[in-house]
Amino acid sequence: MNIKKKAALGIVSAMAVVGLTACGNGGDVVKTDDGNVTKDELYTAMKDKYGSQTVQQLTFQKVLEKKYKVSDKEIDAKVKEYKDQYGDQFSSVLAQSGLTEDSFKENIKYNMLVQKATEADIKTDDKTLKEYYKTWQPDITVRHILVEKEATAKEIEQKLKDGGKFADLAKEYSTDTSTKEDGGLLPAFGPGKMDPAFEKAAYALKKKGDISAPVKSQYGYHIIQMEKPASKTTFEKDKKAVKAAYLASQVTQENMQKTLEKVYKDAGIKVEDKDLKDAFSSYTSSSKSSSSK
């Protein structure tokens with residue numbers, strides 16, 4: 001189990017990408033005694049269902065790759081984040097989304113290209129970052145013990161008050177299998193990354209060793225121990241982390257849409273297939289309506 005907020009796995013169905021790029025003219029993909037399914041039939045059916053989404057992704061990816069680079073190392077690191085989040089459920093969630101690990105990696109690559117393009121459009125001058133710095137909170141590191149029942153959490157709370165060691169009790173009681181053997185230690189995280197109730201309780205702990213009362217989240221009941229509290233120093237010393245957090249906060253669906261509208265306008269994209277003539281309509285309508293006002 002993982003208490004990080006779950007993120008959606010992909011944008012385009014794996015079938016769409018495979019179907020539209022692998023199909024060619026002629027030939028059969030399925031044969032039966034009552035008739036065959038041809039490549040052309042499969043292509044037409046998949047184009048009708050997935051064509052607009054897929055042609056958008058393939059086109060934007062081709063354009064963005066000319067300006068931005070995403071390494072295999074970056075992709076693998078992002079995939080690992082998802083695997084850590086979903087644990088044993090990762091493969092089944094992929095399957096439910098119509099994705100294989102390879103097609104998921106393609107989606108990750110595309111998402112990261114759009115993210116980099118969006119970040120390039122965001123102002124990060126000192127004036128902007130100093131304003132953000134006023135409310136910015138650094139990452140923290142905590143341990144936690146997760147249990148199903150409040151009574152169990154209170155029992156653990158009392159054992160801690162009686163001198164029990166947090167790491168030992170995490171190994172004994174915690175249902176979070178991804179952290180219990182490490183004494184409940186979680187990777188460092190910042191605002192917006194965890195269950196809201198958990199995050200609020202964790203940030204309320206100010207000193208190393210501080211322990212919370214039982215906290216209820218969507219996963220059960222937690223007891224949290226501060227391992228490495230937030231350490232806000234000066235703007236100049238924190239600037240790198242502040243910039244990264246600010247950029248992450250600005251990579252919203254709205255801003256990514258604006259970036260892709262700009263990419264569409266600047267790339268001279270022309271759709272030659274009449275069946276897909278409206279594939280990019282969502283990237284032209286807002287700009288047209290804005291210019292007509």
Side-chain angles (χ1 to χ4, degrees), residues 1-9 76-96 101 104 135-233 237-238 240-242 244-245 248-249:
M1 181 179 290
N2 194 299
I3 58 170
K4 278 193 172 184
K5 287 184 176 179
K6 292 290 194 295
L9 278 184
D76 290 341
K78 182 60 68 174
V79 171
K80 185 179 183 301
E81 284 184 26
Y82 281 97
K83 285 183 175 180
D84 289 344
Q85 282 191 42
Y86 285 93
D88 295 339
Q89 297 178 323
F90 181 71
S91 295
S92 61
V93 174
L94 277 183
Q96 290 168 15
E101 188 160 332
F104 179 53
T135 56
W136 171 76
Q137 295 187 82
D139 286 358
I140 57 175
T141 304
V142 302
R143 296 178 184 272
H144 85 130
I145 301 170
L146 174 64
V147 293
E148 184 180 349
K149 297 179 180 179
E150 184 178 16
T152 309
K154 288 183 176 180
E155 178 186 333
I156 297 167
E157 181 183 28
Q158 187 58 51
K159 288 190 175 185
L160 287 166
K161 288 178 180 178
D162 292 341
K165 290 185 178 180
F166 196 96
D168 293 341
L169 291 169
K171 290 177 182 179
E172 181 180 352
Y173 284 95
S174 187
T175 59
D176 183 352
T177 56
S178 65
T179 65
K180 66 180 296 178
E181 293 306 318
D182 200 14
L185 186 66
L186 286 162
F189 63 90
K193 300 296 184 183
M194 295 290 189
D195 174 275
F198 181 94
E199 180 183 305
K200 182 179 180 180
Y203 267 98
L205 304 173
K206 300 303 179 185
K207 296 182 295 183
K208 179 178 172 63
D210 282 357
I211 297 174
S212 74
V215 179
K216 189 177 188 304
S217 79
Q218 60 181 305
Y219 303 103
Y221 290 87
H222 308 260
I223 295 179
I224 308 166
Q225 182 184 54
M226 178 57 69
E227 184 70 20
K228 185 179 179 184
S231 180
K232 195 170 181 177
T233 56
K237 289 181 179 179
D238 293 334
K240 184 177 179 181
V242 172
S249 74

CA sep, side-chain torsions, deciding dist, call: Leu186, Phe198, side-chain contact (heavy atoms from CB on, under 4.5 Å):
CA-CA 12 Å; Leu186 286 162; Phe198 181 94; 3.6 Å; yes
Quick one: does [X]'s side chain have a donor or acceptor within less than 3.5 Å of a partner on [Y]'s backbone?
{"X": "Ser92", "Y": "Gln89", "answer": "yes"}
{"X": "Glu199", "Y": "Gly192", "answer": "yes"}
{"X": "Thr175", "Y": "Leu146", "answer": "yes"}
{"X": "Asp139", "Y": "Ala188", "answer": "no"}
{"X": "Asp210", "Y": "Lys207", "answer": "yes"}
{"X": "Asp182", "Y": "Leu185", "answer": "no"}

For [X] against [Y], the heavy-atom pair lying closest together:
{"X": "Gly183", "Y": "Lys171", "result": "N-CE, 4.3 Å"}
{"X": "Asp238", "Y": "Ser231", "result": "OD1-O, 4.3 Å"}
{"X": "Ile224", "Y": "Ala202", "result": "CD1-N, 4.1 Å"}

Applying side-chain contact (heavy atoms from CB on, under 4.5 Å), run through Glu227 and Lys208 and close with a yes or a no.
CA-CA 5 Å; Glu227 184 70 20; Lys208 179 178 172 63; 3.1 Å; yes
Between Met226 and Ile140, is the side-chain contact (heavy atoms from CB on, under 4.5 Å) condition met? List the steps.
CA-CA 8 Å; Met226 178 57 69; Ile140 57 175; 4.1 Å; yes
Working to the nearest 0.5 angstrom, can you tell me the gap between [X] [atom1] and [Y] [atom2]?
{"X": "His222", "Y": "Ser212", "atom1": "NE2", "atom2": "OG", "result": "9.5 Å"}
{"X": "Phe166", "Y": "Arg143", "atom1": "CZ", "atom2": "CZ", "result": "8.0 Å"}
{"X": "Leu94", "Y": "Lys83", "atom1": "CG", "atom2": "NZ", "result": "8.5 Å"}

For the residue pair Tyr203 and Phe189, does the interplanar ring angle fall in the parallel (under 30°), tilted (30 to 60°) or perpendicular (over 60°) class?
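Perpendicular.
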Working note: Glu81 + Lys78, criterion salt bridge (Lys or Arg N to Asp or Glu O under 4.0 Å); need CA distance, chi angles, decisive distance, verdict.
CA-CA 5 Å; Glu81 284 184 26; Lys78 182 60 68 174; 3.4 Å; yes
Going by atom types alone, do Ser174 and His144 pair a side-chain donor with an acceptor below 3.5 Å?
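The answer is no; no qualifying pair exists.
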Ignoring hydrogens and geometry beyond distance, is a side-chain donor-acceptor pair present between Ser178 and Asp176 at under 3.5 Å?
yes
Going through the checks in order, is the side-chain contact (heavy atoms from CB on, under 4.5 Å) test met by Glu157 and Ile223?
CA-CA 7 Å; Glu157 181 183 28; Ile223 295 179; 4.0 Å; yes
Just checking Phe104 against Tyr82, ring centres under 6.0 Å apart?
yes
For Gln137, I'd like to know if atom CD has over 12 heavy atoms of other residues, nucleotides or ligands within 6.0 Å.
yes
Under the side chain to side chain contact (heavy atoms under 4.5 Å, CB included) test, which residues partner Lys159, sequence neighbours left out?
Glu155, Leu169, Glu172, Tyr173
